Amino acid sequence: MRIPFDNSYAALPDGFFTRLSPTPVKEPKLLAWNADLADMLGIEGADAAERAEVFGGNILPDGADPLAQLYAGHQFGNFNPQLGDGRAILLGEVKDKDGTRRDIQLKGAGPTPYSRRGDGRAWLGPVLREYLISEAMHALGVPTTRALAAVATGEAILRETGPLPGAIVTRVAASHLRVGTFQVFAHRGETEALKTLTDYAIARHYPKVDGPLGLLRAVCAAQAELVAQWMSLGFIHGVMNTDNCSISGETIDYGPCAFMDAFHQGRVFSSIDRQGRYAYGNQPQIVVWNMAQLATALLQQMDDKETAVDEATEIVHDMPELIEAAWLRRFAAKIGISSPRPEDVDLINELLSLMQADGADFTNTFRSLGTERARDHFTNLEAFDAWAQNWRDRIEGEPDPHAVMHAVNPAVIPRNHRIEQMIEAAVEGDMAPFERLLKALACPFVETDAELQRPPSEDEIIPATFCGT
Ligand code: AMP
Ligand code: MG
């Protein structure tokens with residue numbers, strides 16, 4: 001196999017990471033391979049067996065310079081001064097066909113100095129979950145890490161519920177720099193490292209910006225767009241800790257994330273998010289909070305602190321407005337409006353309130369707007385009809401509202417119950433449900449598989465999701 005590695009992170013100072021190779025596994029078997037992405041990355045040659053050996057961590061490909069990255073992070077609001085890749089190993093980077101530098105990282109590749117009490121492994125469920133959901137997000141047009149390969153390790157790993165089949169997902173990202181990467185050096189008072197990291201992040205992601213505050217502004221803009229996009233799809237990340245908040249503005253770390261079926265602003269899936277800190281409706285506020293942490297970290301390197309603090313504060317304070325603008329643009333498109341007006345916020349929120357009152361299916365309600373089926377999602381028909389009348393008045397004269405809606409309201413999303421059913425089958429060795437989901441989710445705006453559009457029946461509802469670490 002030829003992977004055209006061109007590594008830059010490995011050239012950063014020693015304190016940024018620990019060099020180490022993946023821990024070999026017993027019997028690697030290739031479960032999924034993303035041929036399009038491999039092609040995009042310029043990866044050539046190799047059959048399934050060799051791919052399994054490489055992306056199972058048994059063979060180190062030429063040019064790889066494997067390492068585990070150091071970072072810190074606020075987890076559920078509490079600062080943890082040292083986290084780091086506890087089970088992920090960066091093989092290296094390649095420049096893709098568009099010229100963008102991409103990390104190739106194995107997740108579940110064995111223990112590292114940052115594993116704390118963990119075993120460095122992942123089990124099949126979360127690996128296939130991440131594979132499917134990240135690829136679905138990509139097809140939905142959301143900035144995200146992607147999945148190149150899933151490999152079963154042939155080893156059992158121990159979790160609370162007993163032994164489970166081990167697996168490794170190969171994740172591809174614009175980079176794995178996180179808010180927490182800045183926090184670790186800021187917290188330690190390692191100003192030189194912080195400066196080096198800032199320059200590296202600017203050169204890699206935002207080459208046109210100037211200095212730490214320029215970087216802050218760029219990341220705020222990217223994260224504002226990202227969270228608005230999550231909101232517009234009913235996506236709940238579930239663990240928006242600062243170590244899971246990427247500098248590139250990609251969705252990263254698919255743990256207990258989920259797409260909502262029945263709409264509710266307070267929806268939480270993650271079993272560990274007991275306070276609902278990362279509930280659907282809280283996500284915009286949390287992103288701002290995370291950016292405030294990034295600002296605090298970046299400021300540690302500034303000489304003229306007073307002016308810098310004022311400027312950084314202003315950048316973070318401007319963020320809610322950015323998010324609202326992005327939110328309005330995306331939700332307006334969901335109801336067929338191409339050029340939103342400020343008062344459209346009320347029209348959109350009225351619909352969301354009606355949906356919440358009836359527990360209407362988020363995806364299917366939007367997809368059905370303008371058709372007879374829309375009314376089926378509501379019990380308060382009088383209220384819905386009144387809303388629909390206002391809406392029709394509003395979109396009169398809008399250029400092709402139905403085409404606008406169809407381009408942004410997906411037909412197929414990775415529904416939780418389907419993901420769980422897929423995992424159950426995969427554990428039994430049946431990858432057909434995985435393949436079926438993968439195929440439909442590659443074209444989420446097309447009605448290709450009616451059964452996958454169906455919300456869960458009462459007994460199919462998955463009330464909670466697990467980190468599955
Ligand atoms: P997460 O909540 O998945 O973003 O993980 C938080 C931290 O825990 C990161 O530093 C991970 O590398 C680490 N971690 C998660 N699962 C494991 C595991 N099975 N073994 C070692 N470290 C882990
Ligand atoms: Mg993480």
Side-chain angles (χ1 to χ4, degrees), residues 16-18 20 22-23 25 57 66-90 103 105-131 133-134 144-145 147 153 155-184 187 236-248 250-258 268-274 277-278 286-287 290 293-294 464-469:
F16 280 58
F17 53 81
T18 301
L20 87 166
T23 307
V25 298
L67 58 88
Q69 294 179 333
L70 172 72
Y71 52 85
H74 277 93
Q75 300 179 301
F76 292 92
N78 303 310
F79 188 64
N80 191 328
Q82 201 208 287
L83 292 163
D85 290 332
R87 55 172 169 164
I89 290 180
L90 177 69
D103 279 6
Q105 189 204 59
L106 306 188
K107 187 169 167 188
T112 78
Y114 314 117
S115 296
R116 296 173 292 161
R117 270 184 233 111
D119 59 1
R121 294 297 187 190
W123 79 272
L124 184 64
V127 161
L128 296 181
R129 220 182 131 76
E130 168 149 0
Y131 194 113
I133 300 182
S134 67
T144 176
T145 63
T153 61
E155 294 173 2
I157 60 171
L158 260 172
R159 292 294 180 263
E160 293 82 3
T161 50
L164 292 164
I168 296 174
V169 62
T170 300
R171 177 160 77 176
V172 173
S175 86
H176 285 85
L177 297 178
R178 311 136 192 275
V179 171
T181 321
F182 289 84
Q183 288 181 293
V184 74
H187 177 76
I236 303 165
H237 181 283
V239 226
M240 293 173 69
N241 294 335
T242 58
D243 53 304
N244 294 335
C245 181
S246 104
I247 296 301
S248 72
E250 290 179 328
T251 312
I252 189 170
D253 254 357
Y254 291 86
C257 64
V268 178
F269 283 96
S270 171
S271 56
I272 56 168
D273 190 2
R274 295 211 176 80
R277 179 180 168 90
Y278 300 137
I286 291 292
V287 169
N290 286 349
Q293 307 316 311
L294 177 62
T465 51
F466 301 88
C467 265
T469 52

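Note that the structure is a prediction, hence the values are computed from the model and not measured. Read the numbers this way: they start at 1 and go in the same order the structure lists the ligands and their atoms. Residue numbers count from 1 along this sequence.
Between Ala258 and Phe269 the shortest heavy-atom distance is CB-CD1, 3.4 Å. The shortest heavy-atom contact between Tyr278 and Ile236 is O-CG2, 3.6 Å. The shortest heavy-atom contact between Ala72 and Pro81 is CB-O, 3.3 Å. Smallest separation of non-hydrogen atoms from Asn244 and Ile252: O-CG2, 3.2 Å. Between Gln82 and Arg116, the shortest heavy-atom distance links the atoms O-CD, 4.3 Å. Between Ile168 and Ala109, the shortest heavy-atom distance links the atoms CD1-CA, 4.1 Å.
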Determine, step by step, whether Arg277 and Ile286 satisfy the side chain to side chain contact (heavy atoms under 4.5 Å, CB included) criterion, reporting the C-alpha distance in whole Å, the side-chain angles of both residues, the deciding distance to 0.1 Å, and the verdict. CA-CA 8 Å; Arg277 179 180 168 90; Ile286 291 292; 3.9 Å; yes
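His176 and Asp103 share a side-chain donor-acceptor pair at under 3.5 Å. Side-chain atoms of Thr145 and Tyr254 form no donor-acceptor pair, as typed in the model, at a separation below 3.5 Å.
No N or O atom of Val239 sits closer than 3.5 Å to an N or O atom of ligand 1. Backbone and side-chain nitrogen or oxygen atoms of Tyr114 are examined, and none is located within less than 3.5 angstrom of a nitrogen or oxygen of ligand 1.
Listed by atom number, the atoms of ligand 1 under 4.0 Å from Asp253 heavy atoms are 4 (O). Listed by atom number, the atoms of ligand 1 under 4.0 Å from Arg116 heavy atoms are 7 (C), 8 (O), 10 (O), 13 (C). Shown in contact with Asn244 at under 4.0 Å from a heavy atom are these atoms of ligand 1, numbered in order with element: 4 (O). Close contacts of ligand 1 with Gly120, meaning ligand atoms under 4.0 Å from a residue heavy atom, involve 18 (C), 19 (N), 20 (N), 21 (C). For ligand 1, the atoms closer than 4.0 angstrom to any heavy atom of Arg121 are 19 (N).
The heavy atom nearest to atom 16 (N) of ligand 1, out of those in Gln82, Arg87, Gln69, is found in Arg87. Distances from atom 22 (N) of ligand 1 to the heavy atoms of Gly86, Gly255, Gly180, Gly110 put Gly86 nearest.
For Asp85, every heavy-atom contact with ligand 1 shorter than 4.0 Å involves the backbone, none the side chain. Proximity of Tyr71 to ligand 1, defined as any heavy-atom pair under 4.0 Å, is confined to the side chain (atoms from C-beta onward).
Within the 4.0 Å heavy-atom shell around ligand 1 one finds Gly84. Arg117 does not count as a contact of ligand 1, since none of its heavy atoms falls under 4.0 Å from the ligand. Residue contact check for ligand 1: Arg159 places a non-hydrogen atom closer than 4.0 Å to it.
Tyr71 carries Arg178 over the face of its six-membered ring, with the cationic atom under 6.0 Å from the centre and within 45° of the normal.
For Gln75, the side chain to side chain donor-acceptor pair (under 3.5 Å) criterion is met by Asn80, not counting sequence neighbours.
Among protein atoms, those of element N, O or S found less than 2.8 Å away from the Mg ion (ligand 2) are Asn244 OD1, Asp253 OD2.
Note: Asp85 CG to Gln105 CD = 5.5 Å, rounded to the nearest 0.5 Å.
Aromatic ring centres of Phe79 and His187: separated by under 6.0 Å.
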